[in-house]
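Predicted model, so just to flag it, every value in this text is computed and none were measured.
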Amino acid sequence: RHFHNFITWKDMRADKLVKEWNNGISMRALRFGGTVLHGVTRNTRYKAASMLNLYNKLVTLRLKWVLENVGPLKAALEKDDVLFGCVDTWLIYKFTGKHMTEMSNIAATGMFDPFTLDYADWVFALFGIPKSIMPPIVGSCGNHFGSTVPDLLGSSIPIGAVLADQSASVFGSGCHSVGSAKITLGTGSFLDVVTAKPHASMTGLVPIVGWNIDNEVVHLTEGQVHDTGVLLEWARSTDLFNDFSQLSSEVESVADSGGVFFVPGFNGLTVPISDPSATAGFIGICAKTQKSHMLRAILESIAFSQKQLLDNFTAESSIKIEKLIVDGGVARSDFILQLISDLTGLKVERPENVEMATWGAAALAALQVGMFSSREEVRSLSGKSKIFRCQTNSRCEEDYQKWQRACARFTKWNDIASF
C-alpha cells in the first residue's frame with residue numbers, strides 16, 4: 001500500500017525546514033568545511049560544497065518532512081516497514097514486485113553522489129533519514145528489472161530499460177559523446193551537456209547521470225528553467241494568441257518587442273540567479289505596446305533563458321559545444337529556435353520527432369533485447385532534422401543584456417519560495 005500521494009517538486013510543505021536548515025549551524029559547518037577542504041586540495045567539488053544551499057525541489061527535506069509528519073508512516077517506520085523510491089521505483093514495484101531504482105532517476109534527487117556513484121551517506125546522517133528505506137541502485141538496462149506480473153497485462157512482459165526523462169531525451173537525441181548537448185523545451189526546459197566526469201558547478205548547474213550501461217557511466221551537467229511551455233499556456237489563456245501553429249507568424253508580424261521584456265518567473269528564477277522568491281512580469285510596456293509585442297517578449301524570454309544556461313556552462317567548463325539538439329513541444333516554434341541559434345552562434349537541430357524522451361527509453365530497451373544492433377542504427381532512425389543556423393543580428397546581444405537587467409528587477413519578491 002502507499003502511505004502518501006505522489007509528491008511533485010512544487011510541494012512547499014517543507015519550506016520552513018528548508019529555510020531553517022539553510023540558516024542553521026549544520027549547513028554553515030558543512031559550507032565552512034567545504035571552504036577549508038577546497039583551500040587545501042583545490043578540488044572544485046569542495047568549493048561547490050562551500051556554496052551549498054537546499055531547495056524545496058530537492059527530495060531530501062520533503063522526504064524528511066513526510067517521515068516526520070505523516071502519522072501512519074511514522075508508525076510504520078518504527079517497525080521498519082517502509083520502502084521509498086522515485087517514480088521509477090514505484091512503477092517497477094507495481095509491475096514486478098521488485099524494489100529498486102535506476103541510476104539516472106535517483107541521481108537527480110540530491111541523495112546521490114555522482115562522484116562515488118552511490119548514495120551520499122552524509123545526507124542520511126545529516127538529516128536523520130534511514131538509509132534502510134532506500135532502493136538498491138541498478139543500471140539503466142538489463143535483466144535485473146525482471147518482467148511484469150502476468151495478471152497485470154495478460155502476459156509476462158520483460159522490462160528491458162528504465163531511464164529518467166532527460167536522460168532518455170539525451171540518449172534518444174544521439175548525444176553520446178563528451179560535448180554533445182541537447183535542450184528540451186517542454187513545460188519547463190533543460191540544458192543537458194555530456195561531460196567526461198561529474199561537473200562541480202559554482203552557480204547551480206547540477207551534475208547528474210545520463211545512463212549506466214554495463215561498465216559505461218555517462219555524466220551530464222544539467223541546467224533547468226522551470227517555466228517554458230507553461231508561459232505559452234498562460235499566454236493562450238489570456239488571449240495573447242489562439243493557435244500554436246500561428247505563433248511564429250504572429251510574433252514576426254512586428255519587427256521587435258517594442259522595448260518590452262518578459263521575466264519568466266512564475267516559479268522563481270533558476271541558474272544563475274537561483275532565486276525561488278523571484279516573480280514574473282512584463283517591463284517596458286508603453287501606450288503603443290500591442291499584443292504581438294508582449295507575445296514576442298515571452299518567446300524571446302524562452303530563448304534568452306537557454307542562452308543564459310549555455311553561457312553559465314561555458315563559463316565554468318572548457319568543453320566545446322558545437323551544436324544544440326532541441327526537442328520538446330515548444331521546439332516546434334521556428335522563431336524560438338532561430339533566436340537560440342542567433343544568440344549562441346551555434347547550429348540548432350530539431351529532429352523530425354520532438355518527443356525524444358519516449359524514443360530514447362524505447363530505443364535503449366530495443367537495444368537491450370537485440371532489436372537494434374548498435375546506437376548508430378538508432379541514430380539513423382531518428383528521421384530528418386531541420387537545421388537553424390546563426391544569422392548575424394547585433395541587436396540580439398543587446399536585447400539579451402537588457403533582459404538580464406529586467407530579471408534582476410524581479411528578484412526577492414515573494415515571501416514563500418517557489419522551489
Item to check | Pairing of K291 and D239 as salt bridge, 4.0 angstrom limit | outcome: no

Item to check | Contact summary for M356 and P351, nearest pair of heavy atoms | outcome: CE-CB, 3.4 Å

Item to check | Plane angle bin for W211 and H176 - parallel if under 30°, tilted between 30 and 60°, otherwise perpendicular | outcome: perpendicular

Item to check | F171 side, atom CZ; I213 side, atom CD1 - distance, nearest 0.5 Å | outcome: 5.0 Å

Next on the checklist: I'd like to know if K64 pairs up with E20 as an ion pair, taking the criterion as any Lys NZ or Arg NE/NH1/NH2 lying under 4.0 Å from an Asp or Glu carboxylate oxygen.
Outcome noted: no

Checklist entry - Between D243 and S245, is any side-chain donor less than 3.5 angstrom from a side-chain acceptor? => result yes

Checklist entry - Counting only heavy atoms not in R375, do more than 12 sit closer than 6.0 Å to its CZ atom? => result yes

Checklist entry - Are E102 and S104 linked by a side-chain donor-acceptor pair shorter than 3.5 Å? => result yes

Next on the checklist: If you count heavy atoms of other groups shown closer than 6.0 angstrom to NZ of K94, is the number above 12?
Outcome noted: no

Item to check | Minimum-distance pair of heavy atoms, taken over all atoms of P264 and L231 | outcome: CB-CD1, 3.6 Å

Next on the checklist: Check this for me, if you would: do K74 and E78 make a salt bridge, where the nitrogen-to-carboxylate-oxygen distance has to be below 4.0 angstrom?
Outcome noted: no

Checklist entry - Hey, are the side chains of C175 and I325 touching, using non-hydrogen atoms and a 4.5 Å cut-off? => result yes

Next on the checklist: Checking L54 against T60 for the side chain to side chain contact (heavy atoms under 4.5 Å, CB included) test, could you report, in this order, the C-alpha distance in whole Å, the side-chain angles of both residues, the deciding distance, and whether it holds?
Outcome noted: CA-CA 9 Å; L54 301 169; T60 318; 5.6 Å; no

Next on the checklist: Between the side chains of D399 and K307, is the shortest nitrogen-to-carboxylate-oxygen separation below 4.0 Å, so that they form an ion pair?
Outcome noted: no

Item to check | Nearest-0.5 Å distance that lies between atom NE2 in H38 and atom OG1 in T44 | outcome: 7.0 Å

Checklist entry - So, do K47 and S50 sit near enough that their side-chain heavy atoms are less than 4.5 Å apart? => result yes

Item to check | Pairs involving residues 63-114, ordered by first then second residue, that meet ring pair (Phe, Tyr, Trp, His ring centres under 6.0 Å) (sequence neighbours left out) | outcome: none

Checklist entry - Any chance the side chains of T203 and N312 put a donor and an acceptor closer than 3.5 Å? => result yes

Checklist entry - Should the pair W403 and F304 be assigned to parallel (<30°), tilted (30 to 60°) or perpendicular (>60°) ring geometry? => result tilted

Next on the checklist: Determine whether a donor-acceptor pair (N or O, by modelled atom type, separation under 3.5 Å) exists between the side chain of S167 and the backbone of V209.
Outcome noted: yes

Next on the checklist: Contact between L247 and F335 at the side-chain level, heavy atoms closer than 4.5 Å - yes or no?
Outcome noted: no

Next on the checklist: Around atom CH2 of W122, are there more than 12 heavy atoms from other residues, nucleotides or ligands closer than 6.0 Å?
Outcome noted: yes

Checklist entry - Any side-chain heavy atom of L295 sitting closer than 4.5 Å to one from S292? => result no

Item to check | Test item: R62 side-chain N/O and T8 main-chain N/O as donor-acceptor pair under 3.5 Å | outcome: yes

Next on the checklist: Checking the side chain of R296 only, and the main-chain atoms of V254 only, is there a donor and an acceptor separated by less than 3.5 Å?
Outcome noted: yes

Next on the checklist: I need the S189 OG to H226 NE2 distance, nearest 0.5 Å.
Outcome noted: 10.0 Å

Next on the checklist: Less than 4.5 Å apart, side chain to side chain, heavy atoms only: is that true for M27 and L126?
Outcome noted: yes

Checklist outcome for this item: Closest heavy-atom pair, A331 versus L337, reported as atoms and distance to 0.1 Å, is O-CD2, 3.5 Å

Item to check | Minimum side-chain heavy-atom gap L367-C141 below 4.5 Å | outcome: no

Checklist outcome for this item: Output for pair (I7 CD1, R13 CZ), nearest 0.5 Å, gives 5.0 Å

Next on the checklist: Donor-acceptor pair, distance only, cut-off 3.5 Å: does the side chain of N414 make one with the backbone of A278?
Outcome noted: yes

Checklist entry - Ignoring hydrogens and geometry, is there a side-chain-to-backbone donor-acceptor pair from T314 to L310 under 3.5 Å? => result yes

Checklist entry - Should T184 and D327 be marked as a side chain to side chain donor-acceptor pair (under 3.5 Å) after you check the CA-CA gap, both sets of side-chain angles, and the distance that decides it? => result CA-CA 5 Å; T184 294; D327 72 334; 2.6 Å; yes

Next on the checklist: Looking at S341 and L346, would you say the former's side chain and the latter's main chain have a donor-acceptor pair under 3.5 Å?
Outcome noted: yes

Checklist entry - Does atom CE of M371 have more than 12 heavy-atom neighbours from other groups under 6.0 Å away? => result no

Checklist entry - Does a side-chain heavy-atom distance below 4.5 Å link I336 with Q306? => result no

Item to check | Steps toward salt bridge (Lys or Arg N to Asp or Glu O under 4.0 Å) verdict (E68, K16) | outcome: CA-CA 13 Å; E68 293 177 351; K16 183 179 178 182; over 6 Å; no

Checklist entry - Taking it one step at a time, do K386 and V326 satisfy side chain to side chain contact (heavy atoms under 4.5 Å, CB included)? => result CA-CA 10 Å; K386 182 169 182 177; V326 186; over 6 Å; no

Item to check | Steps toward side chain to side chain contact (heavy atoms under 4.5 Å, CB included) verdict (D192, I208) | outcome: CA-CA 9 Å; D192 289 276; I208 59 174; 3.8 Å; yes

Item to check | Minimum-distance pair of heavy atoms, taken over all atoms of V225 and T270 | outcome: CA-OG1, 3.6 Å

Checklist entry - Quick check: are there more than 12 heavy atoms from other residues, nucleotides or ligands sitting under 6.0 Å from CZ of F115? => result yes

Next on the checklist: To the nearest 0.5 Å, what is the distance between OG1 on T187 and CG on N267?
Outcome noted: 11.0 Å

Item to check | For Q368 against G142, the heavy-atom pair lying closest together | outcome: NE2-CA, 3.4 Å

Item to check | Pairwise side-chain contact, L339 with C396, heavy-atom cut-off 4.5 Å (strictly under) | outcome: yes

Checklist entry - Would L240 and W234 count as a side chain to side chain contact (heavy atoms under 4.5 Å, CB included) if you check the C-alpha gap in whole Å, the side-chain angles of each, and the deciding distance to 0.1 Å? => result CA-CA 9 Å; L240 285 179; W234 173 81; 4.2 Å; yes

Checklist entry - Would you say S169's side chain and D165's backbone share a donor-acceptor pair under 3.5 angstrom? => result no

Checklist entry - Looking only at atom types and distance, does a side-chain atom of N212 sit under 3.5 Å from a main-chain N or O of D214, one as donor and one as acceptor? => result yes

Item to check | Backbone of G139 reached by a side-chain donor or acceptor of H144 within 3.5 Å | outcome: yes

Item to check | Shortest non-hydrogen separation from L205 to P207 and the atoms involved | outcome: O-CD, 3.8 Å

Checklist entry - If you measure from CG on L343 to CG on D311, what distance do you get to the nearest 0.5 Å? => result 9.0 Å

Checklist entry - Just by modelled atom types, is the V330 backbone N or O under 3.5 Å from a matching donor or acceptor in the S333 side chain? => result no

